[in-house]
Amino acid sequence: MKRIRAEAVIEAILFTMGESVEISRLAEVVEEDVKTTKDILRQMEERYAREDRGITLNWFDNAVQLSTKEDMYEYLIKIAKTPRKMTLTDTVLETLSIIAYKQPVTRVEVERVRGVNCDHAINKLLEYDLIMELGRLDAPGRPLLFGTTEQFLRSFGVRSLEELPELNPVQLEEFKQQAEAEVSLQLEV
């Protein structure tokens with residue numbers, strides 16, 4: 001397939017899908033290898049920037065997504081209804097942090113770190129598509145394993161989990177103390 005046609009095919013797929021597509025799948029469709037397909041995608045991204053287009057490519061590990069440039073948001077809200085905002089309480093954020101850093105992780109493991117029941121927080125994170133079920137642990141009861149999603153990466157502005165900041169031991173100890181204090185307060189009530 002000629003390069004210009006390959007670009008058009010990739011653009012049509014990414015536009016229509018509306019979500020990220022694995023680069024290997026795009027390579028299959030345009031009948032190129034992954035390296036060549038990545039080169040085509042980089043050229044598309046450069047052209048979008050050079051021509052000051054309203055779209056851009058977002059890269060996520062081994063996938064790519066066509067999306068609107070951030071500076072176009074103000075124009076979009078004039079024509080589209082305002083998207084629903086996620087409300088992440090401290091409890092939900094703490095739960096998300098544990099899952100992000102310890103994944104794949106079970107609900108019981110999250111609760112062990114937090115020291116409290118995490119059902120509500122995990123359900124909210126699933127609802128917001130920030131975490132997903134990754135399968136089941138090969139252990140008695142076969143508990144569900146949780147991990148983060150691409151939506152998590154998009155929401156927090158990182159391309160991969162390797163870009164998450166490192167936790168130092170002092171922060172981890174403070175986190176445990178806060179969770180223990182939360183448990184003590186709940187027991188007093």
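The first residue in the sequence is number 1, and the count goes up from there. As the structure is a computational prediction, the values presented were derived from the model and not from experiment.
We find that R114 and E111 are not joined by a salt bridge, their nearest charged nitrogen and carboxylate oxygen being 4.0 Å or further apart. Ion pairing of D52 with K69 is present here, as a side-chain N (NZ or NE/NH1/NH2) and a carboxylate O approach within less than 4.0 Å. A salt bridge is absent between E32 and R3; no separation between the charged side-chain nitrogens and carboxylate oxygens falls under 4.0 Å. Salt bridge absent: R42 and E46 never bring a charged side-chain N and a carboxylate O closer than 4.0 Å.
Heavy atoms from other residues, nucleotides or ligands lying under 6.0 Å from CD of E70 number 12 at most. No more than 12 heavy atoms of other residues, nucleotides or ligands sit less than 6.0 Å from atom CZ of R5. Enclosure of atom CZ in R25 is not indicated, since only 12 or fewer non-hydrogen atoms of other residues, nucleotides or ligands lie within 6.0 angstrom. The environment of CZ in F156 is crowded: more than 12 heavy-atom neighbours from other residues, nucleotides or ligands sit within 6.0 Å. Counting heavy atoms of neighbouring residues, nucleotides and ligands inside a 6.0 Å radius, atom CD of E22 does not exceed 12 of them.
From N62, atom CG reaches atom OG of S20 across 10.5 Å, with rounding to the nearest 0.5 Å. For the atom pair M44 CE and I10 CD1, the distance stands at 6.0 Å (nearest 0.5 Å). Taking NZ from K35 and CD1 from I23, the interatomic distance works out to 13.0 Å, rounded to the nearest 0.5 Å.
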*For K124 and H120, what are the C-alpha separation, side-chain angles and deciding distance, and is it a side-chain contact (heavy atoms from CB on, under 4.5 Å)?*
CA-CA 6 Å; K124 274 292 178 200; H120 174 73; 3.8 Å; yes
*Evaluate the side-chain contact (heavy atoms from CB on, under 4.5 Å) criterion for residues L145 and E133: first the C-alpha distance (whole Å), next the side-chain angles of each, then the deciding distance (0.1 Å), finally the verdict.*
CA-CA 6 Å; L145 291 166; E133 296 175 3; over 6 Å; no
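Following chains of ILVMFWY side-chain contacts shorter than 4.5 Å, one cannot reach L134 starting from I98, and the two form parts of different hydrophobic clusters. Both V105 and L153 sit in one connected hydrophobic cluster of ILVMFWY residues. Membership requires side-chain heavy atoms under 4.5 Å apart, directly or through other members. L144 and V110 end up in the same hydrophobic cluster when Ile, Leu, Val, Met, Phe, Trp and Tyr side chains are linked at under 4.5 Å. Under the 4.5 Å side-chain contact rule for hydrophobic residues, V21 and F15 share a cluster. Clustering ILVMFWY residues whenever any of their side-chain heavy atoms sit less than 4.5 angstrom apart, transitively, puts L137 in a cluster other than the one holding I131.
Across every non-hydrogen atom of T148 and L96, the tightest pair is CG2-CD1, 4.4 Å. Smallest separation of non-hydrogen atoms from E150 and A63: OE2-CB, 3.8 Å. L26 and I13 get closest at one heavy-atom pair: CD2-CG2, 3.8 Å. In plain terms, the two heavy atoms of D71 and E74 that are nearest each other are O-OE2, 4.1 Å. Between S67 and N58, the closest heavy-atom pair is OG-ND2, 2.6 Å. Residues Y48 and I55 share a closest heavy-atom pair of CB-O, 3.5 Å.
Within the 4.5 Å cutoff, the side chain of L66 has heavy atoms near those of the L57 side chain. Using a 4.5 Å cut-off on side-chain heavy atoms (C-beta onward), L161 and Q103 make contact. Contact check for Y101 versus L164: side-chain heavy atoms found under the 4.5 Å cut-off. No side-chain heavy atom of F146 sits less than 4.5 Å from a side-chain heavy atom of T106. Put simply, the side chain of R107 reaches to within 4.5 Å of the side chain of D119, judged on heavy atoms. Residues K102 and V113 meet the side-chain proximity criterion, which asks for heavy atoms closer than 4.5 Å. Taking 4.5 Å as the limit, some side-chain heavy atom of L88 sits within range of a side-chain heavy atom of L130. Side-chain contact check for L41 versus L14: some heavy-atom pair is nearer than 4.5 Å.
A side-chain donor from one of S160 and E162 sits under 3.5 Å from a side-chain acceptor of the other. With 3.5 Å as the limit, one finds no donor-acceptor pair spanning the side chains of W59 and Q65. T36 and D39 are not linked by any side-chain donor-acceptor pair at a separation below 3.5 angstrom, with hydrogens and angles left out of the test.
Because its NZ or CZ atom is not both nearer than 6.0 Å to the ring centre of F60 and within 45° of the ring axis, R159 does not count as a cation-pi partner of that residue.
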